[in-house]
**Q** 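For reference, the structure I am asking about is given below.
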Amino acid sequence: MPRVYLSPPHLGGRESELVADAIASNWIAPLGPHVDAFEAELAAATGVEHAVALSSGTAALHLALVVLGIGADDEVACSSFTFAASANAITYSGATPFFVDADEATWTIDPELLDRALASRRAAGGRLRAVVAVDLYGQCCDYDALRVVCDRHEIVLVQDAAESLGATYRGARAGGQGALAAFSFNGNKIITTSGGGALVSPTADWVAHARKLSTQAREPVPHYEHVEIGFNYRMSNILAALGRAQLESLPERVATRRGIRDRYASLLGDVPGLSFMPEAPYGTTNAWLTCMLVDPDAFGADRETVRLALEAEDIEARPLWKPMHLQPIFAAHHAFGGDVSARLFERGLCLPSGSSLSEEDQDRVVATILEARR
């Protein structure tokens, strides 16, 4: 039987048409009419006025910090329970990340713990500049609570929305909750440009500066002149054409993934020892990935046994993110809390969740999980 992937690209709209248009127009280098249109359509889809399309979500996070003037000797708080790119972007800027544990009720950064962490670092003489709050597996952080904390400590709230396009927070679309927000369109995301990302913000000057920096910070003169360091971070017109087609079906993709999550919960939710990522009461997740916890004592097998059983049946599943405070590269960095995210990593598994997943394949996943406890 064919391999079941975790979250494969799903093509099925106007991708061929729009990519063919980009090729026929000879706009195949970075920039072009599809880039302009994709930025406008993304801004409309997220409700955030200004957007710049980039080569990756990591690039978007990096530029967010650069346009805020964050650099050497600065400190930036970051969710510990995240993919490494969230912390890597901080190091690219020259700043130093420190890590804050998750709230068990939402799996996203704990606002009360963040408050204590910021107070501790300030008392130790840290020059605090920002928080990178990571929306996790499609669920937004609690931004009202985070905003209160950031205002109290006079630091900027940056939203890592790489995983949350199409989610909502208190009725508003994900991406407008921070001063700036970064999206990812990597191949496994809810929509893809093969590789790509975007930075959005209601502040026009920040996005304009990021746009300039993303094209090597070239000055608007006939020759090549530079007064600041720039980057090669722009998205190509071909990839933007792909993204435009994908974005058209975003609501359907969210609905499909939420349906997949709900079906897993209905089939496995009553099994002793199995539970699923809670949906926070303040919003709706896009259910990018369905995440399950395995209590080995109650279920009769641990997470790794289940994962290997799935792999033996050619089904891809992955552990939840290994927290940043447990990563060797960040071992010397300050961390606050850590038990929650460590436990989630130890017990958590991401299940196949792609919007092209068939019920037949989902039944294979469920049957294999149940057989793993024998």
**Q** Any salt bridge (Lys or Arg N to Asp or Glu O under 4.0 Å) pairs touching residues 276-289, not counting sequence neighbours?
**A**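 Listed once each, the pairs are Arg258-Glu279, Arg261-Glu279.
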**Q** Say whether Tyr282 and Asp144, considering side chains only, have a donor N or O and an acceptor N or O under 3.5 Å apart.
**A**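 The answer is no; no qualifying pair exists.
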**Q** Would you mind checking if Glu371 and Arg373 are paired as a salt bridge, meaning a charged N to carboxylate O distance below 4.0 Å?
**A**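 The answer is no: the pair does not qualify as a salt bridge.
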**Q** Quick one: does Ile155's side chain get under 4.5 Å of Val131's, heavy atoms only?
**A**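 Yes, close enough: below the 4.5 Å cut-off.
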**Q** Return the set of residues passing side chain to side chain donor-acceptor pair (under 3.5 Å) with Arg3 (not counting sequence neighbours), or none when no residue passes.
**A**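 Only Glu311, Asp314 meet the side chain to side chain donor-acceptor pair (under 3.5 Å) criterion with Arg3.
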**Q** One thing to verify: whether Glu75 and Arg127 come together as a salt bridge, which I'm taking to mean a side-chain N less than 4.0 angstrom from a carboxylate O.
**A**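 A salt bridge is absent here (no side-chain N lies under 4.0 Å from a carboxylate O).
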**Q** Is the closest side-chain donor-acceptor distance between Asp135 and Tyr143 under 3.5 Å?
**A**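 A donor-acceptor contact under 3.5 Å links the two side chains.
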**Q** Is the shortest side-chain heavy-atom distance between Trp107 and Cys291 below 4.5 Å?
**A**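 The answer is yes; the side chains approach within 4.5 Å.
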**Q** Show your working on ring-ring contact (aromatic ring centres under 6.0 Å, His included) between His62 and Tyr92 and close with a plain yes or no.
**A** CA-CA 7 Å; His62 181 201; Tyr92 298 164; 5.6 Å; yes
**Q** Is Arg211 close enough and on-axis enough to Tyr233, meaning under 6.0 Å and within 45°, for cation-pi?
**A**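 No, Arg211 does not lie over the aromatic ring of Tyr233.
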**Q** Is any NZ, NE, NH1 or NH2 atom of the basic residue among Arg303 and Asp295 found under 4.0 Å from an Asp or Glu carboxylate oxygen of the other?
**A**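 Judged by the 4.0 Å cut-off on N to carboxylate O distance, Arg303 and Asp295 do not form a salt bridge.
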**Q** In a table with atom names and distances, give each donor-acceptor pair under 3.5 Å that connects a side chain of residues 178-191 to protein atoms at least two apart or in another chain.
**A**
residue: Ser184; atom: OG; partner: Asn186; partner atom: N; Å: 3.2
residue: Asn186; atom: ND2; partner: Asn188; partner atom: OD1; Å: 3.4

**Q** Answer yes if the side chains of Thr168 and Thr284 hold a donor-acceptor pair under 3.5 Å, and no otherwise.
**A**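 Looking only at side-chain atoms, Thr284 and Thr168 do form a donor-acceptor pair, the distance falling under 3.5 Å.
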**Q** Does a donor on one side chain and an acceptor on the other come within less than 3.5 Å for Ser80 and Asp101?
**A**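 On atom types as modelled, these side chains do not qualify, holding no pair under 3.5 Å.
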**Q** Please tell me if the side chains of Ile23 and Ile238 come closer than 4.5 Å, counting only heavy atoms from C-beta onward.
**A**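 In short, these two side chains touch, coming nearer than 4.5 Å.
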**Q** Could you tell me whether Arg343 and Glu346 make a salt bridge, using a distance below 4.0 angstrom between a side-chain N and a carboxylate O?
**A**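 Between Glu346 and Arg343 there is no salt bridge, as every charged N stays at least 4.0 Å from the carboxylate O atoms.
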**Q** Between His226 and Arg218, is any side-chain donor less than 3.5 angstrom from a side-chain acceptor?
**A**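 The criterion, which ignores hydrogens and geometry beyond distance, is not satisfied for Arg218 and His226.
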**Q** Quick one: does NZ or CZ of Arg116 land under 6.0 Å from the six-membered ring centre of Phe336, within 45 degrees of the ring axis?
**A**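 Judged by the rule, Arg116 and Phe336 form no cation-pi pair.
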**Q** Can Asp302 and Thr305 be counted as having a side-chain donor-acceptor contact under 3.5 angstrom?
**A**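 Side chains of Asp302 and Thr305: pair found under 3.5 Å.
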**Q** State, yes or no, whether a side-chain contact exists between Val366 and Leu370 at a heavy-atom distance under 4.5 Å.
**A**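 Touching, per the 4.5 Å side-chain cut-off.
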**Q** Do Asn232 and Gln216 have side-chain atoms, one donor and one acceptor, less than 3.5 Å apart?
**A**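 No, Gln216 and Asn232 have no side-chain donor paired with an acceptor closer than 3.5 Å.
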**Q** Hydrogens and angles aside, do Glu228 and His209 bring a side-chain donor and acceptor to less than 3.5 Å of each other?
**A**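 Result is yes, a qualifying pair exists.
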